[in-house]
Amino acid sequence: MEEVEVVVAHRERATLRVGDVFLKIDADQARADAEVEAMAAAPVPTPEVLWRRPPVLALAALRGTALGRLGEPSPASPAAWAAAGAAARRLHDAPLPPWSGRSLDEVAAELDAECAWLVANDVLPAQVVTRNRRIAEAALRPWTPVFAHGDLQVTHVFVDDDEVTGVLDWSEAGQGDALYDLATPTLGHQERLGDVVAGYGTDVDLDVIRAWWSSRSLRAIRWLTEHGFDPRPEIAVLEGCEDRCP
């Protein structure tokens with residue numbers, strides 16, 4: 001008899017694994033519809049959709065292993081990280097999806113609210129928050145929208161033999177900033193940024209990528225805490241900005 005493994009679960013959605021089948025449960029059907037559409041349109045490998053009976057989406061397991069985990073050293077080779085950068089470039093060169101992503105004003109408003117919450121609740125020293133908020137400002141500039149994954153964490157990119165075998169969790173996909181997609185997998189893996197950019201194949205503004213590291217971490221901590229996840233890796237990124245930022 002197959003055992004049921006809870007991969008992730010919180011108030012918004014849950015993912016279970018039964019053998020080689022992943023069952024993703026999402027109460028927001030509009031978001032689930034967009035995820036299925038994004039996987040179908042993306043020019044990179046994605047999990048096979050086995051069946052769908054709302055609110056459940058059944059996906060086949062991917063070959064290989066995740067590129068890494070936030071807060072832990074990545075076992076993947078430089079070539080595998082470069083392959084992830086190349087996959088991101090193929091996605092960003094694809095036609096835009098019909099639905100828009102978050103606006104610059106929305107990101108800025110959330111960033112300010114989360115910084116205020118971090119200081120008011122003594123989660124981080126005020127100087128750490130202020131320093132990272134100033135760094136994050138570089139990301140708050142107009143960008144040319146691309147087909148963006150929106151949550152390209154290292155756990156969402158699977159590789160095998162230095163090849164990307166699939167990209168998971170397209171629930172945040174839409175029109176977005178290409179550099180945010182490059183910043184997300186390298187968050188906490190700053191030493192891999194050069195490999196990702198090499199695979200991406202074009203010059204990028206590294207200051208903007210560093211800004212997205214600070215922005216994403218500042219905006220994530222409250223959500224992670226309230227949904228039962230450990231925010232220490234994001235806190236470590238913020239506290240380490242003195243070592244990585246001018």
Side-chain angles (χ1 to χ4, degrees), residues 67-74 81 84-85 88 92 101-146 148-157 169 172-197 200 203-227 229-246:
L67 197 58
R69 295 184 66 85
L70 181 58
E72 301 176 9
S74 169
W81 281 87
H92 297 164
R102 305 189 67 196
S103 71
L104 178 60
D105 289 342
E106 288 174 327
V107 174
E110 180 189 11
L111 180 59
D112 287 338
E114 294 307 311
C115 287
W117 181 87
L118 290 169
V119 173
N121 290 274
D122 294 323
V123 177
L124 283 168
Q127 63 268 27
V128 173
V129 175
T130 300
R131 167 78 166 153
N132 280 276
R133 176 62 183 84
R134 182 163 58 83
I135 293 167
E137 189 67 26
L140 301 179
R141 85 286 177 225
W143 58 71
T144 300
V146 299
H149 180 277
D151 193 21
L152 202 61
Q153 302 179 42
V154 284
T155 52
H156 292 162
V157 181
D169 199 346
E172 304 298 327
Q175 299 180 24
D177 181 12
L179 298 190
Y180 183 72
D181 267 0
L182 300 185
T184 302
T186 55
L187 179 76
H189 295 280
Q190 295 92 332
E191 73 284 357
R192 304 290 195 163
L193 178 58
D195 299 323
V196 171
V197 172
Y200 196 69
D203 291 337
V204 301
D205 190 329
L206 299 182
D207 287 339
V208 172
I209 290 179
R210 296 185 184 104
W212 278 126
W213 288 341
S214 289
S215 175
R216 182 179 173 100
S217 297
L218 288 167
R219 291 182 293 121
I221 291 174
R222 175 166 32 175
W223 187 95
L224 291 168
T225 301
E226 292 178 347
H227 288 79
F229 296 101
D230 185 359
R232 284 180 294 180
E234 283 77 9
I235 290 174
V237 169
L238 297 173
E239 292 179 335
C241 76
E242 296 290 342
D243 299 326
R244 59 175 169 78
C245 297

Counting only heavy atoms not in Arg232 (residues, nucleotides, ligands), do more than 12 fall under 6.0 Å from its CZ?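 For Arg232, atom CZ is not crowded (no more than 12 foreign heavy atoms under 6.0 Å).
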Crowding at CZ, Arg102 (>12 non-hydrogen neighbours, <6.0 Å):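 Atom CZ in Arg102 is packed in, count exceeds 12.
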For the atom pair [atom1] ([X]) and [atom2] ([Y]), what is the distance rounded to the nearest 0.5 Å?
| X | Y | atom1 | atom2 | answer |
| --- | --- | --- | --- | --- |
| Asp181 | Asp151 | CG | CG | 9.0 Å |
| Leu238 | Leu118 | CG | CG | 8.0 Å |
| His156 | Glu172 | NE2 | CD | 9.5 Å |
| Leu218 | Glu234 | CG | CD | 10.5 Å |
| Arg210 | Asp207 | CZ | CG | 5.5 Å |

For [X] versus [Y], what's the shortest heavy-atom pair and its separation?
| X | Y | answer |
| --- | --- | --- |
| Val154 | Leu70 | CG2-N, 3.8 Å |
| Asp230 | Leu224 | O-CD1, 4.5 Å |
| Thr225 | Pro231 | OG1-CG, 3.7 Å |
| Ser74 | Arg192 | O-NH2, 2.9 Å |
| Val208 | Ala138 | CG2-O, 3.7 Å |
| Gly85 | Tyr200 | O-CD1, 3.3 Å |

Do Ser215 and Arg219 get their side chains close enough for a donor-acceptor pair, meaning under 3.5 Å?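 Their side chains do contain a donor-acceptor pair, which is all the 3.5 Å distance test asks for.
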Would you say the side-chain atoms of Trp212 and Asp177 include a donor-acceptor pair closer than 3.5 Å?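 Checked: Trp212/Asp177 side chains pair up, N/O donor to acceptor below 3.5 Å.
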Derivation and outcome, side chain to side chain contact (heavy atoms under 4.5 Å, CB included), residues Asp205 and Ile209: CA-CA 7 Å; Asp205 190 329; Ile209 290 179; over 6 Å; no
Report the C-alpha separation of Arg141 and Leu179 in whole Å, then their side-chain angles, then the decisive distance to 0.1 Å, and conclude whether the side chain to side chain contact (heavy atoms under 4.5 Å, CB included) test is met. CA-CA 12 Å; Arg141 85 286 177 225; Leu179 298 190; 3.7 Å; yes
Can you tell if the side chain of [X] reaches within under 4.5 Å of the side chain of [Y], non-hydrogen atoms only?
| X | Y | value |
| --- | --- | --- |
| Leu140 | Leu111 | yes |
| Asn132 | Ser217 | no |
| Glu239 | Leu124 | yes |
| Val157 | His149 | no |
| Glu110 | Glu114 | yes |

Quick one: sort the His189 and Trp81 rings into parallel, tilted or perpendicular, breaks at 30° and 60°.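 His189 vs Trp81 ring planes: tilted.
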Do the side chain of Ser214 and the main chain of Ala211 share a donor and acceptor less than 3.5 angstrom apart?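 Checking the backbone N and O of Ala211 against the side chain of Ser214, no donor-acceptor pair under 3.5 Å is found.
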In this structure, is the centre-to-centre distance between the rings of Tyr180 and Trp143 below 6.0 Å?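 When the ring centroids of Trp143 and Tyr180 are compared, they turn out to be at least 6.0 Å apart.
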Intermediate values then yes/no, side chain to side chain donor-acceptor pair (under 3.5 Å), Trp213 and Thr184: CA-CA 7 Å; Trp213 288 341; Thr184 302; over 6 Å; no
